[in-house]
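Notes for the one structure printed next.
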Amino acid sequence: MTAATPSSDQVFIRGVTRDGRTFRPSDWAERLAGVMAQFRPGGAAGPGSHIRYSPWCVPTTLDGAKCVVVNRALRNHEPMAWDFVMNFARDNELQVIEACLLPEPGAR
């Protein structure tokens with residue numbers, strides 16, 4: 001696992017362990033992002049905010065593996081939440097990849 005350094009905007013927590021096993025359960029990324037849904041710019045206020053993922057912690061897929069993309073802004077706004085997701089990755093020996101999420105082609 002790579003330590004997260006401030007050279008990129010996002011950190012990908014990839015659902016593959018350091019020894020190459022697929023992390024289980026299969027919905028772990030959605031569960032983790034769901035727990036983090038309350039941490040968002042401006043707080044968790046507003047109708048329906050509890051049923052949407054935070055823009056700072058989003059589940060996705062990378063090379064066929066479940067991932068959670070964690071934005072570094074979370075670290076500045078909610079350090080304990082940042083520590084929680086990073087400790088989750090460390091405790092479960094998940095791969096942590098520094099990257100920058102690119103927009104979908106045609107997206108604005």
Side-chain angles (χ1 to χ4, degrees):
M1 179 173 67
T2 304
T5 59
S7 63
S8 60
D9 292 337
Q10 288 96 13
V11 173
F12 285 64
I13 300 173
R14 192 164 180 253
V16 177
T17 62
R18 282 185 274 176
D19 63 2
R21 290 180 293 119
T22 299
F23 186 65
R24 298 284 181 227
S26 61
D27 66 343
W28 74 270
E30 292 83 2
R31 289 183 188 198
L32 180 59
V35 168
M36 301 304 294
Q38 66 183 332
F39 301 104
R40 60 183 61 245
S49 64
H50 66 287
I51 59 173
R52 290 189 306 254
Y53 294 123
S54 167
W56 290 336
C57 193
V58 181
T60 191
T61 303
L62 177 65
D63 294 331
K66 294 275 186 142
C67 296
V68 173
V69 180
V70 185
N71 191 297
R72 286 193 184 281
L74 178 63
R75 184 180 212 170
N76 295 330
H77 292 279
E78 297 289 346
M80 290 176 67
W82 171 267
D83 289 344
F84 176 79
V85 294
M86 297 312 292
N87 287 335
F88 176 87
R90 186 195 68 228
D91 293 348
N92 290 291
E93 299 184 347
L94 299 177
Q95 297 174 3
V96 176
I97 304 163
E98 295 187 47
C100 183
L101 188 62
L102 298 174
E104 294 290 325
R108 292 183 183 225

key: Exercise: identify the closest heavy-atom pair between Y53 and G34   =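 Shortest heavy-atom separation between Y53 and G34 comes out as CE2-N, 3.8 Å.
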query = What closest approach, in Å, do F12 and C67 show between heavy atoms, and which atom pair accounts for it?
reply =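 Taking F12 first and C67 second, the nearest heavy atoms are CD2-CB, 4.5 Å.
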Please tell me if the side chains of [X] and [Y] come closer than 4.5 Å, counting only heavy atoms from C-beta onward.
| X | Y | result |
| --- | --- | --- |
| R72 | E98 | yes |
| V68 | M36 | no |
| W82 | H77 | no |
| I97 | V11 | no |
| W56 | P41 | yes |

query = With distance as the sole test, does R40 use its side chain to make a donor-acceptor pair with the main-chain N or O of R52 at under 3.5 Å?
reply =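 Yes, R40 side chain to R52 backbone: donor-acceptor pair under 3.5 Å.
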task = Spell out, as yes or no, whether a donor-acceptor pair under 3.5 Å connects the side chain of N71 to the backbone of A73.
result = yes
task = Report the residue from R14, M86, R18 that forms a side-chain contact (heavy atoms from CB on, under 4.5 Å) with V96.
result = M86
query = Does a salt bridge link R21 with E93, judged by any charged N lying under 4.0 Å from a carboxylate O?
reply = no
Report the distance from atom [atom1] of [X] to atom [atom2] of [Y], rounding to the nearest 0.5 Å.
| X | Y | atom1 | atom2 | answer |
| --- | --- | --- | --- | --- |
| L32 | F23 | CG | CZ | 9.0 Å |
| L74 | M80 | CG | CE | 12.0 Å |
| S54 | F39 | OG | CZ | 9.0 Å |
| E78 | C57 | CD | SG | 12.5 Å |
| I13 | T60 | CD1 | OG1 | 13.0 Å |
| D27 | K66 | CG | NZ | 7.0 Å |

task = Verify side-chain contact (heavy atoms from CB on, under 4.5 Å) between V35 and F84, making sure each step is shown before the conclusion.
result = CA-CA 10 Å; V35 168; F84 176 79; 4.2 Å; yes
